[in-house]
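Note sheet for the following structure.
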Protein chains: 2
Amino acid sequence: MPDQTLPRTLRTRSWWGWGWADAHPDDAECVALGALVPGTLARPLPVPRVADLRIGGPAVEAPSSLGHLVTYDPAPRAAHAMGKAFRDVARALRGRPGRIPDLVAHPVTDQDVADLLEWAGERQVAVIPYGGGSSVVGGVEYRGEAHRAVLSLDLSAMDQVLEIDTVGRAARIRAGILGPALEDRLRPHGLTLRHFPQSFEFSTLGGWLATRAGGHYATTRTHIDDFTQSLGVVTPAGTTTSWRLPASGAGPSPDRLFLGSEGALGVITEAWMRLQDRPDHKASASVSFTDFHAALPAVRALAQSDLAPANCRLLDSGEAALSGAATDGRAVLVLGFESSTAPVDDRLAQAVELARAHGGRTTSGPADPSAPADSAVGAWRSAFLRMPYLRDGLVRMGAVAETFETATTWDRLPALIDAVRTEVGAAAHRATGRPALVNCRLTHVYPDGAAPYFTVIAGGRPGDEVAVWDDLKAVAGDVLHRHRATITHHHAVGRDHRPQYDLQRPEPFARALRAAKHALDPCGVLNPGVLVDG
Amino acid sequence: MPDQTLPRTLRTRSWWGWGWADAHPDDAECVALGALVPGTLARPLPVPRVADLRIGGPAVEAPSSLGHLVTYDPAPRAAHAMGKAFRDVARALRGRPGRIPDLVAHPVTDQDVADLLEWAGERQVAVIPYGGGSSVVGGVEYRGEAHRAVLSLDLSAMDQVLEIDTVGRAARIRAGILGPALEDRLRPHGLTLRHFPQSFEFSTLGGWLATRAGGHYATTRTHIDDFTQSLGVVTPAGTTTSWRLPASGAGPSPDRLFLGSEGALGVITEAWMRLQDRPDHKASASVSFTDFHAALPAVRALAQSDLAPANCRLLDSGEAALSGAATDGRAVLVLGFESSTAPVDDRLAQAVELARAHGGRTTSGPADPSAPADSAVGAWRSAFLRMPYLRDGLVRMGAVAETFETATTWDRLPALIDAVRTEVGAAAHRATGRPALVNCRLTHVYPDGAAPYFTVIAGGRPGDEVAVWDDLKAVAGDVLHRHRATITHHHAVGRDHRPQYDLQRPEPFARALRAAKHALDPCGVLNPGVLVDG
């Protein structure tokens, strides 16, 4: 059992799988998980060892002036080779990881980053910015042959909260800080960023900014973009620091060019982030519906009201069963409100009433704040955080187990969801000879549309898991493209989503982006292949 | 007296001043206005006539294939020479307008725009995109000598609402539509864009998008950026159409590159805009404070609450007196709430209570919805819409009368406002030999800062009004720069704000923007001099 009381610094991160090594399912739990998926292995694949990778010496060495910042040790190099997508974990388990970087750097100052970029440009060394390493889209992995060597630029030593403005509720924060450390530093001031993606424990502010992460809030402002007051970015063409402004109409937003740039235009080293008072008032409830589609009008009505629930997540029956929120075959809408200003019970009551007026049935709550947490809500929250570990357990059993997500307008949503279920389901059946699980939930909802999140679990071709997934992912990408649904709502583009991203973005914009890339990264060393070609 | 019952099409726009020609103050009203400002003229300057400009023939003529789209008539050419800033009006009154465009085009289709851009690129003709012509920053005026001729690209014929999605509350709207026409088309569907800048009657959707206009809402989302679902932009490098998406994390936002691009990167021809249900529930009130600074903590508390007033405008005593909201020397906070979901009286009451807890004194309201409109609120609203006409009346009397605006964080706000009052006031005194009026209001407030809006009225150097204003504007720009306040919150950069904009934006971003400009507008004909040099 994982020892949750150990300080973070004494726990060990898994080099090949999600999160903490001691939190992974043990062999017995893996077997139990595998039993749920027909066609998986009888025994789990062994936990892989770095020593078995036989990592050779680096193709280049940094000059002595940078020597104190870099390491050539096999263990950190292996741990920085890939992100944490299903295909990354499966490749590690099968002893076929991505390209191992030649060196890993841990810069401390902006000047360190600038020096490393200058050296890399001179020597044609690819630079892969690395925050928490939780990318599920191939965002921190080198692919190709064009560069002489690969440097993983790990920002974890740049993890300070440098200034806090308690009057205007903002803080200047270095990019390499992980979610829990950030909230720990803000808590004594009564402040919070309230950005809690599923990867919260293992992802950094810089990663959230570089990938336009979506977080805690299910409605209104949830993307990290809206909480960004200003950015500091080190590019090969110089360091850019925008002014701290609550709003501005002075030309296209400088920050919006770097938000979502995924390390291809520069290295985000710090940001002034907009904070909030910690919410004293919370309330949650869940409402069930006969099925997922029957719940959509209720969810849309909530999204178009000004009630602004912090949580408004719709689970289909499979998702509800997986998370323990419901086992009666009904879809479940998990609602939550929070405020630092005033009690939210009235808003919750109005929301529940609206959901009931659209055919919902109250399954729990409005919760009494003094009572134990609402059971469906609590079950959902625990499952949410445990999910990536369970995925890795399934992967050890030779299963395909992965998620993908998108967003589209309300008018296109029902047909899109049906098409994903049908076409990805059929592709999985073709590929594995067995039916697969394709679950759906809405993670974020907007007045004009919603973000569906799909989970696929399939067994039947252990040994070919990666090829099966790549097939399914191509089918999924094609469905999204045909339905004009974005290739990503909050997971980012990375390398895995490049084909559909290239189809999605307008060509004149792509031309402008390539020009911007060339202006800022003339040697083409920054995260090559991400967003635009070198 | 203006005949407000006349349909728009039968009223005449002023070629030299704000809005409708028949709504301008008459000579007697001008004299009355002038009497309020020491050092102005005894009689108003005459209304200028196009014929007196002696406009010559165009330097180029469009090919016959484009002939049906263009005009060389002096009247439209004069009307398209400048925007509606003080310095534009003053120059017209003094018979020294900006460069008169050689021709004015009225494209109907995207292909028309593309054809005009292609021809202009081949012939080195500068193209100035023109919506409602309400720019107050030199955004629609050619300056310089580098181009062979100047084409004003008037988008007013592209004014259709092409599609309405009532489920997802969005509409596909052509860029040339004016505010009132847009709301007229949406009203039968119960929908509204709710974007009401002061220029609403005389500005277009395309202009709002190109300048990142700020509008109706005093809190939360007010910039047009947030209401943009997708954009269609014709650039010399091709037409770009982004997908309709409620949200996306796929790379830097394509739309955010064109929002605020002020015609320098392409011509925005249409957009899918996010709409709202028309609010059935409204309530307003006003609260007064001993002075402006004493009110700031109350306004900040409101901005940091989740009450989200639609209106939260703080007027200093001079502004309150000018608008008739108060004449007792106190600062006035005008509060308004609106909702399509539920009554807002509770929210208003909470806001008023919060303001009172911070030292405010209720001057009116919470208004009974059945009672006549709150007097301070009503007075403020009428004055707001009448203000530009009164300004032009003052200009006819030889006064300097202009506004400028900015935004900054709460910690910097009090010192910034004091510095603007002191330094701009002193500069006006030096320039004119008399004290000037420098009023301030907060137009938009955010959790992390606010947008102050300044009005300057000075007399004393009739004949030199433009030079006096340019002096004051340079002083104001310098104060904003030293205090790290943006050169514009919602008026845009244009040509008047270029010096401070160049200092404000980070250099690597400027480099990327220049590269994007060159990629999209390789001949350098699009609104030359705006944002970046050609």
Side-chain angles (χ1 to χ4, degrees), chain A residues 165 167-170 211-212 214 223 229 235 237-238 240-254 256-257 259-261 274 304-306 339 341 407 409-411 446-449 484 486-490 492-493 501 504-509 511-512 515-516 518-520 531, chain B residues 165 167-170 211-212 214 223 229 235 237-238 240-254 256-257 259-261 274 304-306 339 341 407 409-411 446-449 484 486-490 492-493 501 504-509 511-512 515-516 518-520 531:
Chain A
D165 168 4
V167 174
R169 301 194 315 191
T211 60
R212 300 179 66 193
H223 277 274
Q229 193 180 65
T235 82
T240 174
T241 308
S242 55
W243 287 8
R244 286 185 65 196
L245 295 171
S248 175
S253 162
R256 296 275 181 174
L257 179 66
L259 287 164
S261 63
R274 299 185 177 121
Q304 293 181 346
S305 76
D306 52 12
S339 171
T341 309
T409 47
W410 288 111
D411 56 335
Y446 301 90
D448 54 335
R484 292 289 183 276
T486 182
I487 189 59
T488 177
H489 172 267
H490 60 271
V493 175
Y501 173 68
Q504 177 176 335
R505 73 176 165 201
E507 181 48 33
F509 173 74
R511 188 185 287 218
H518 190 70
L520 297 178
L531 297 184
Chain B
D165 169 4
V167 174
R169 302 193 315 190
T211 60
R212 301 179 66 194
H223 277 273
Q229 193 180 63
T235 82
T240 173
T241 308
S242 55
W243 288 7
R244 285 186 65 197
L245 294 171
S248 175
S253 163
R256 296 275 182 174
L257 180 64
L259 288 163
S261 63
R274 300 184 176 121
Q304 293 181 347
S305 77
D306 52 11
S339 171
T341 309
T409 46
W410 289 111
D411 56 335
Y446 301 89
D448 54 335
R484 292 291 183 273
T486 180
I487 189 59
T488 178
H489 172 268
H490 60 270
V493 174
Y501 173 67
Q504 177 175 334
R505 73 176 165 201
E507 182 47 33
F509 173 74
R511 189 185 286 219
H518 190 70
L520 297 178
L531 297 184

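Residue numbers begin at 1 in each chain, while the letters A, B, ... track the order of the sequences. Source: prediction; values computed, not measured. Basis for what follows: all heavy atoms, side chains included, without hydrogens, waters or symmetry-related copies.
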query = If you take all heavy atoms of A/Thr240 and B/Phe509, which pair is closest and at what distance?
reply = OG1-N, 4.3 Å
Heavy-atom proximity to chain A below 4.5 Å, by part of B/Ile487 = side chain
query = Given that the side chain runs from C-beta out, which part of A/Thr241 has a heavy atom under 4.5 Å from chain B: side chain, backbone, both or neither?
reply = backbone
task = Check whether B/Leu531 gets within reach of chain A through its side chain, its backbone, both or neither, counting any heavy atom under 4.5 Å.
result = side chain
Test item: A/Thr341 side-chain N/O and B/Asp306 main-chain N/O as donor-acceptor pair under 3.5 Å = yes
remark   = Counting heavy-atom pairs under 4.5 angstrom with chain A, the leader among B/Ala492, B/Ala407, B/Gly214, B/Ala170 is B/Ala407
ask   = Are the side chains of A/Thr235 and B/Arg511 in touch, meaning some heavy atoms are under 4.5 Å apart?
value = no
query = In terms of heavy-atom proximity below 4.5 Å to chain A, should B/Glu507 be classed as side chain, backbone, both, or neither?
reply = neither
request  = For chain A, find which of B/Gly449, B/Ala516, B/Ala515, B/Ser248 contributes the most heavy-atom pairs closer than 4.5 angstrom.
outcome  = B/Ser248
ask   = Side chain, backbone, both or neither: which part of B/Gln304 has a non-hydrogen atom closer than 4.5 Å to chain A?
value = both
inquiry  = At a heavy-atom distance under 4.5 Å, which candidate from B/Ser305, B/Ala247, B/Pro254, B/Ala512 has the highest pair count against chain A?
reply    = B/Pro254
note = Rounding to 0.5 Å, atoms CZ (B/Arg256) and CG (A/Leu257) come to a distance of 13.0 Å
query = Closest approach of B/Gly260 and A/Pro252, non-hydrogen atoms and distance?
reply = O-CD, 3.3 Å
ask   = Quick one: of A/Leu520, A/Thr488, A/Asp448, who has the most non-hydrogen atom pairs under 4.5 Å with chain B?
value = A/Asp448
task = Name the option with the most non-hydrogen atom pairs under 4.5 Å to chain A; the candidates are B/His490, B/Gln504, B/Gln229.
result = B/Gln504
message = Check whether B/Arg212 reaches the backbone of A/Gly251 with its side chain - one donor and one acceptor, N or O, closer than 3.5 Å.
response = yes
query = Tell me, side chain or backbone of B/Arg274 under 4.5 Å from chain A's heavy atoms, or both, or neither?
reply = side chain
note = Ranked by heavy-atom pairs below 4.5 Å to chain B, first place among A/Pro508, A/Ala237, A/Ser339, A/Gly238 goes to A/Pro508
ask   = What residue in B/Ser261, B/Pro447, B/Ser242, B/Ser253 has the most heavy-atom pairs under 4.5 Å with chain A?
value = B/Ser253
Contacting moiety of A/His489, where chain B heavy atoms sit under 4.5 Å = both
ask   = Quick one: CG on B/Asp165 to CG on A/Asp411, what's the gap to the nearest 0.5 Å?
value = 4.5 Å
